[in-house]
Amino acid sequence: QKLTWGDLWRAALVPLAYVGEHRKTATLLTILAFISAAMGAAVPYAVGRFVDALISLSQGVDITAWVWPLTLWFGVMLVSTVVDWRLSIMAARMGDIIYLSATYRWFSELLFFPTEFHKKIRGGKTFNKISRAAGQMYGLVENILLSIGPQILSMFIGIGFAYALEPRLT
């Protein structure tokens, strides 16, 4: 049997369907991912402001000039760390829920197959396939969508942030 683009598209939508069943958590994860990306993009700006303040300090500017950039940097790092921590906990929990939900559904569907099916197949081989598929979906959702996704988004927000500060850079 040949694999078509339609088959690949339908297969790609399966993990999104499982994520979509938990809309409230998925929405909160999306918001946290945007906050994490924005804070990740703001860290270089805050560090740059702090370094600029330290350079101006060496040129004879008041010693308190570095306090606000340091406070900004600390605040951005604190928010970024807390949001990333919460995002990783929620992503792991969402991955576990999806893994368990998929495994439960797929095993329960096996129970309704006719007796001839169960006589012909090897139970261990089928159970292994189901378990591996659920594990792969868990990895896809947790590692790709919820871990790498915010980092890629952070890169794009950082580029937009740099362009907003200095349009000549592009």
Side-chain angles (χ1 to χ4, degrees), residues 1-46 76-77 79-170:
Q1 178 178 349
K2 280 191 149 188
L3 196 61
T4 65
W5 286 106
D7 295 334
L8 291 175
W9 181 250
R10 279 190 300 279
L13 293 178
V14 170
L16 294 177
Y18 278 91
V19 171
E21 292 176 1
H22 306 282
R23 285 200 171 117
K24 188 176 178 182
T25 305
T27 302
L28 184 59
L29 283 170
T30 303
I31 292 168
L32 286 176
F34 273 105
I35 293 171
S36 173
M39 291 296 120
V43 166
Y45 174 74
V76 166
M77 286 301 296
V79 170
S80 178
T81 302
V82 169
V83 168
D84 286 343
W85 169 68
R86 190 67 190 149
L87 183 64
S88 67
I89 289 172
M90 290 181 71
R93 184 170 184 199
M94 177 71 112
D96 289 340
I97 289 170
I98 287 173
Y99 175 80
L100 293 173
S101 176
T103 305
Y104 168 75
R105 271 198 203 143
W106 296 337
F107 276 128
S108 65
E109 283 183 23
L110 275 180
L111 296 176
F112 293 106
F113 282 7
T115 309
E116 295 86 31
F117 173 81
H118 292 287
K119 288 180 181 177
K120 290 180 185 176
I121 66 157
R122 294 183 187 170
K125 193 173 184 180
T126 304
F127 294 157
N128 187 24
K129 284 182 181 180
I130 289 174
S131 183
R132 276 194 348 224
Q136 292 296 323
M137 194 161 52
Y138 166 82
L140 178 73
V141 168
E142 186 179 354
N143 296 330
I144 304 297
L145 292 178
L146 301 175
S147 293
I148 295 174
Q151 293 173 0
I152 293 172
L153 185 62
S154 176
M155 182 181 67
F156 287 120
I157 290 176
I159 291 169
F161 197 59
Y163 180 74
L165 290 176
E166 190 62 49
R168 292 180 298 154
L169 294 175
T170 58

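Sequential numbering from 1 along the given sequence is applied to the chain's residues. Atom set for the values below is all heavy atoms of this structure, side chains included, hydrogens, waters and symmetry mates excluded.
When all heavy atoms of A102 and A134 are compared, the pair lying nearest together is CB-CB, 4.3 Å. Nearest approach of M137 to V14, heavy atoms of both residues: SD-CG1, 3.9 Å. Here the shortest heavy-atom pairing between S80 and G40 reads OG-N, 4.5 Å. The shortest non-hydrogen separation linking A41 to I157 is CB-CG2, 3.6 Å.
Going from atom OH of Y138 over to atom CG of D96 covers 4.5 Å, rounded to the nearest 0.5 Å. Between atom CE of residue M90 and atom CH2 of residue W85 there is a gap of 11.5 Å, rounded to the nearest 0.5 Å. A distance of 13.0 Å separates OG1 in T126 from NZ in K120, rounded to the nearest 0.5 Å.
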*asked:* Quick one, Y99 with V141, criterion side-chain contact (heavy atoms from CB on, under 4.5 Å). Give me CA distance, side-chain angles, the key distance, then yes/no.
replied: CA-CA 10 Å; Y99 175 80; V141 168; over 6 Å; no

Review item, side-chain donor-acceptor pairs of residues 16-37, under 3.5 Å, at least two apart:
unit_1 : atom_1 : unit_2 : atom_2 : d
Y18    : OH     : W106   : NE1    : 3.4
E21    : OE1    : R105   : NH2    : 2.8
E21    : OE2    : R105   : NH1    : 2.8
E21    : OE2    : R105   : NH2    : 2.7
T27    : OG1    : R23    : O      : 2.7
T30    : OG1    : A26    : O      : 2.8
S36    : OG     : D84    : OD1    : 2.3

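Ring geometry for H118 versus F113: interplanar angle of 30 to 60°, hence tilted.
In the displayed structure, F107 atom CZ is contacted under 6.0 Å by more than 12 heavy atoms of other residues, nucleotides or ligands.
Using a distance-only test at 3.5 Å, with no hydrogens or angles considered, no donor-acceptor pair links the side chain of S131 to the main chain of F127.
For R10 and D7, the salt-bridge test passes: some basic side-chain N is under 4.0 Å from an acidic carboxylate O.
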